[in-house]
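Letters A, B, ... mirror the listed sequences (proteins, then strands); counts begin at 1.
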Number of protein chains: 2
Amino acid sequence: MKKGSKFGTHRVIEPKGILPQPAKVISNDMQIFDNEILIDVQTLNIDSASFTQIKEQAGGDEAKIKEIMLGIVKSFGKHKNPVTGSGGMLIGTVAEIGPALEGKTDLKVGDKIATLVSLSLTPLVIEEILEIRIDIDQVDIKGKAILFESGIYAKIPTDIPENLALSVLDVAGAPAQTAKLVKPGDTVLVIGGAGKSGMLCLYEAKKRAGVTGKVICLQHSDSARDRIMDAHLADHYITADATDAVDVLGKVEAVTNGEMCDIVINCVNVENTEMSSILATKDDGLVYFFSMATSFTKAALGAEGVGKDVQMIVGNGYTKGHAEITLQIMRESETLRKIYEDLYA
Amino acid sequence: MKKGSKFGTHRVIEPKGILPQPAKVISNDMQIFDNEILIDVQTLNIDSASFTQIKEQAGGDEAKIKEIMLGIVKSFGKHKNPVTGSGGMLIGTVAEIGPALEGKTDLKVGDKIATLVSLSLTPLVIEEILEIRIDIDQVDIKGKAILFESGIYAKIPTDIPENLALSVLDVAGAPAQTAKLVKPGDTVLVIGGAGKSGMLCLYEAKKRAGVTGKVICLQHSDSARDRIMDAHLADHYITADATDAVDVLGKVEAVTNGEMCDIVINCVNVENTEMSSILATKDDGLVYFFSMATSFTKAALGAEGVGKDVQMIVGNGYTKGHAEITLQIMRESETLRKIYEDLYA
Ligand SMILES: NC(=O)c1ccc[n+]([C@@H]2O[C@H](COP(=O)([O-])OP(=O)(O)OC[C@H]3O[C@@H](n4cnc5c(N)ncnc54)[C@H](OP(=O)(O)O)[C@@H]3O)[C@@H](O)[C@H]2O)c1
Ligand SMILES: NC(=O)c1ccc[n+]([C@@H]2O[C@H](COP(=O)([O-])OP(=O)(O)OC[C@H]3O[C@@H](n4cnc5c(N)ncnc54)[C@H](OP(=O)(O)O)[C@@H]3O)[C@@H](O)[C@H]2O)c1
């Protein structure tokens, strides 16, 4: 059996020498290396920015969506959307464990896991697409995938439905980072706050900002207002298009008496929302970009362009304990769990 | 005279409603609005990532470089490189001040200033390209530009040569952020440390990390070793290609006894260096991406992909006092000033 590198570089075909995530093409040969784990895949959870793009390209047509997805995996050996650069994650059953991992992993064959590394670096073969749950970005397949030695995963808990676990684990980085960033008394704005990652962020923000803080949900339609306010996820609900920075600026000014926000968390799935995020932040405040549609240069030069001294953080999909923190929310809040079961499972 | 918005949105042609930086096309009509400042431009300092791309596209040919630059400004009304998305800055003389700025600005007609907002949002007309200083990314032109009300600038000091001031002000955000981030005792790696922003970061890092800290310069050729070590800008000099993450990992491990770095500052001007930066950082450490060639998704998904809990910061070009901090380095360190006069002025 061939020896693999911890990070999976042995699978990189093009360009050589770089890691599997930035790589264009990787090998999806399902013969495992000595430190790899083979997974029988059950469901893919496609990243929201990626699935939105695919649905658009397909004009909403299911057969076309299948064709595009199969094409991506065939070309690149992984489900890395060439337009958005993003992936998603998967749920499946451990089928084989490389001998070099013995004693190093707590997994055994037959365990059901969710991978917490992006599909954009995961060797994947799709034999057949069985079902597309178009509204929740989930796709059931018959297929296999590989987890590298450095790859992180979560065992699927037994007290939470599988599809629900998959849905919330996909965005687990966001609420976990929110929990670390928000301090008592903070004014926090969540842009795209009624989405899947957004509501989890609102929940954590409310908890951390406490009674002296202020949590604001910004959403481009009014349709989620009752859901958000009835669940006490936010103190204020703003209806605005996040790509219209000047309008957002005015509305956030109104709600914060001109003081603006200590922390802005960007959870949208569309482009051109960097400036709204920056303008809504106080000088010396912080913007956390969880959205994969964020452009590095638009953020860096946008802030400079308006002379705004804000710290801007790239939403690392991983932070210690992120899976536990997120599953815990589903256990802790019956209200939120019901909402997520209705919407995302 | 027409009334303008603070952020210059009145100049945006396409797409409507967004700000001048993310906008594709803006108006470079040189008739000013009531809150704008007209500048007679003397020199453009093209962003390093942008100029590298233009030089490549032109195959190093000066006439082609001119053609590309004129084409960019003609198409977009500003010098925003369509490939890299980045700009640069300019030096020039105040020609006209909109009446709405009276009492609000300390500028007067005839003042020589450097704009500290990116060229990627600055309305610009190039009448003629007079001289290209190809090695230092500077281009003398005959032309005009507009500074918006929210635009920041620095008056050119009289004790520092103009070209030198322009060169260092272009990258002023980097050393100023370094000064804020680095604490005594930190191990700091500057990737691309022998470049223009890199050496300023090394200087500030050495000063802040102090005798108990460790500062490492990483550069892809050995040619700058003597310059860096003789000037005591770093404790260690690593020669490596920053796009080869696995090689960088090994070399940083060696120099730090496997402890890796508290802070990694990325100052290169090429793509695919996110993973080196992430792998060189300690768990719970911090990566500061100043490089405009940084990809948001590669950083976010790359860190997740190797299960690394690091904070990643988008290099905001602006932070309070950045111009003063950077010019001060040129006054404080005769050694560094000599190096910059030789290389960049
Ligand atoms: N950094 C990471 O590691 C990581 C991991 C996973 C996902 N992500 C990213 O996180 C983002 C959010 O994911 P998600 O699963 O939470 O997506 P989601 O459920 O689709 O949520 C997106 C939200 O943004 C709202 N929105 C869209 N356009 C808007 C606009 N112009 N103005 C205001 N609101 C707008 C949407 O409203 P409507 O529903 O009304 O359109 C929705 O509520 C995506 O970009 C995804 O790629 C990042
Ligand atoms: N965030 C902001 O607001 C802002 C503002 C201005 C500039 N920037 C960005 O900052 C970056 C640096 O600008 P600069 O003016 O300092 O550029 P620079 O002087 O050209 O420095 C780049 C350095 O990176 C080194 N380098 C290039 N490829 C490398 C590799 N593969 N491995 C190791 N080192 C490598 C270069 O070495 P060689 O010279 O040997 O090639 C050089 O020392 C650029 O990307 C620029 O766009 C950002």
Side-chain angles (χ1 to χ4, degrees), chain A residues 5-9 15 17-22 84-87 116-118 120-121 148 150-152 173 241 243-247 271-272 274-275 279 283-284 287 289-290 292 294-320, chain B residues 5-9 15 17-22 80 84-87 116-118 120-121 148 150-152 173 241 243-247 272 274-275 279 283-284 287 289-290 292 294-320:
Chain A
S5 95
K6 188 174 162 196
F7 302 119
T9 43
I18 72 172
L19 276 105
Q21 203 287 323
T84 64
S86 59
L116 299 176
V117 288
S118 174
S120 68
L121 60 86
F148 299 130
S150 67
I152 45 177
D241 179 352
T243 63
D244 185 342
V246 180
D247 185 48
E271 295 193 340
N272 286 321
E274 296 84 359
M275 283 313 305
L279 291 182
D283 242 324
D284 290 323
V287 183
F289 287 109
F290 189 67
M292 282 292 157
T294 306
S295 151
F296 185 89
T297 46
K298 283 181 188 166
L301 297 175
E304 180 194 272
V306 295
K308 196 92 189 223
D309 192 359
V310 291
Q311 196 173 53
M312 295 181 284
I313 297 187
V314 177
N316 183 346
Y318 172 66
T319 185
K320 267 183 283 297
Chain B
S5 95
K6 190 175 161 195
F7 301 119
T9 42
I18 71 172
L19 277 104
Q21 202 287 322
K80 181 180 183 182
T84 65
S86 60
L116 298 176
V117 288
S118 172
S120 67
L121 61 87
F148 299 130
S150 68
I152 45 177
D241 179 352
T243 64
D244 185 343
V246 180
D247 185 49
N272 286 322
E274 295 85 359
M275 282 314 305
L279 292 182
D283 243 326
D284 290 323
V287 183
F289 287 109
F290 189 67
M292 281 292 159
T294 306
S295 151
F296 185 88
T297 48
K298 283 181 190 166
L301 297 175
E304 181 195 88
V306 295
K308 196 95 190 220
D309 193 359
V310 291
Q311 193 171 55
M312 296 182 284
I313 298 187
V314 177
N316 184 345
Y318 171 66
T319 185
K320 268 182 282 297

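Nearest approach of Val117(A) to Gly305(B), heavy atoms of both residues: CG1-O, 3.6 Å. Contact record, Pro22(B) with Asn272(A): CB-OD1, 4.0 Å, taken as the closest heavy-atom pair. Annotation for Gln21(A) and Lys298(B): closest pair OE1-CA, 3.6 Å, computed over non-hydrogen atoms. Across every non-hydrogen atom of Phe296(A) and Thr294(B), the tightest pair is CB-O, 3.4 Å. Between Leu301(A) and Gly87(B), the shortest heavy-atom contact is CD1-N, 4.2 Å. Among all heavy-atom pairs drawn from Gly315(A) and Ala300(B), the shortest one is O-CB, 3.4 Å.
Residue Phe289(A) touches chain B through both its backbone and its side chain, counting heavy-atom pairs closer than 4.5 Å. Residue contact with chain B, scored on non-hydrogen atoms closer than 4.5 Å, involves the side chain of Leu279(A) exclusively. Contacts of Lys308(B) with chain A are made by backbone atoms alone, with heavy-atom separations under 4.5 Å and no side-chain atom involved. Looking at Thr319(A), both its backbone and its side chain come within 4.5 Å of chain B, counting heavy atoms on both sides. If you measure heavy-atom distances from Ile313(A) to chain B, the contacts under 4.5 Å come from both the backbone and the side chain. Neither the backbone nor the side chain of Val287(A) comes within less than 4.5 Å of any heavy atom in chain B. In this structure, the portions of Glu304(B) lying under 4.5 Å from any heavy atom of chain A include both its backbone and its side chain. Interface remark: Ser5(B) contributes no atoms to any contact with chain A (heavy atom separation under 4.5 Å).
With hydrogens and angles ignored, the 3.5 Å screen pairs no side-chain donor or acceptor of Asn316(A) with any backbone N or O of Asp309(B).
Interatomic distance, Lys80(B) NZ to Thr297(A) OG1, rounded to the nearest 0.5 Å: 6.5 Å.
With respect to chain A, the highest number of heavy-atom pairs below 4.5 Å among Asp244(B), Leu116(B), Asp241(B) belongs to Leu116(B). If you tally non-hydrogen atom pairs under 4.5 Å between each of Ser118(A), Gly85(A), Ala303(A) and chain B, the highest count goes to Ser118(A).
Residue-environment remark: NZ (Lys6(B)) stays at or below the threshold of 12 foreign heavy atoms within 6.0 Å.
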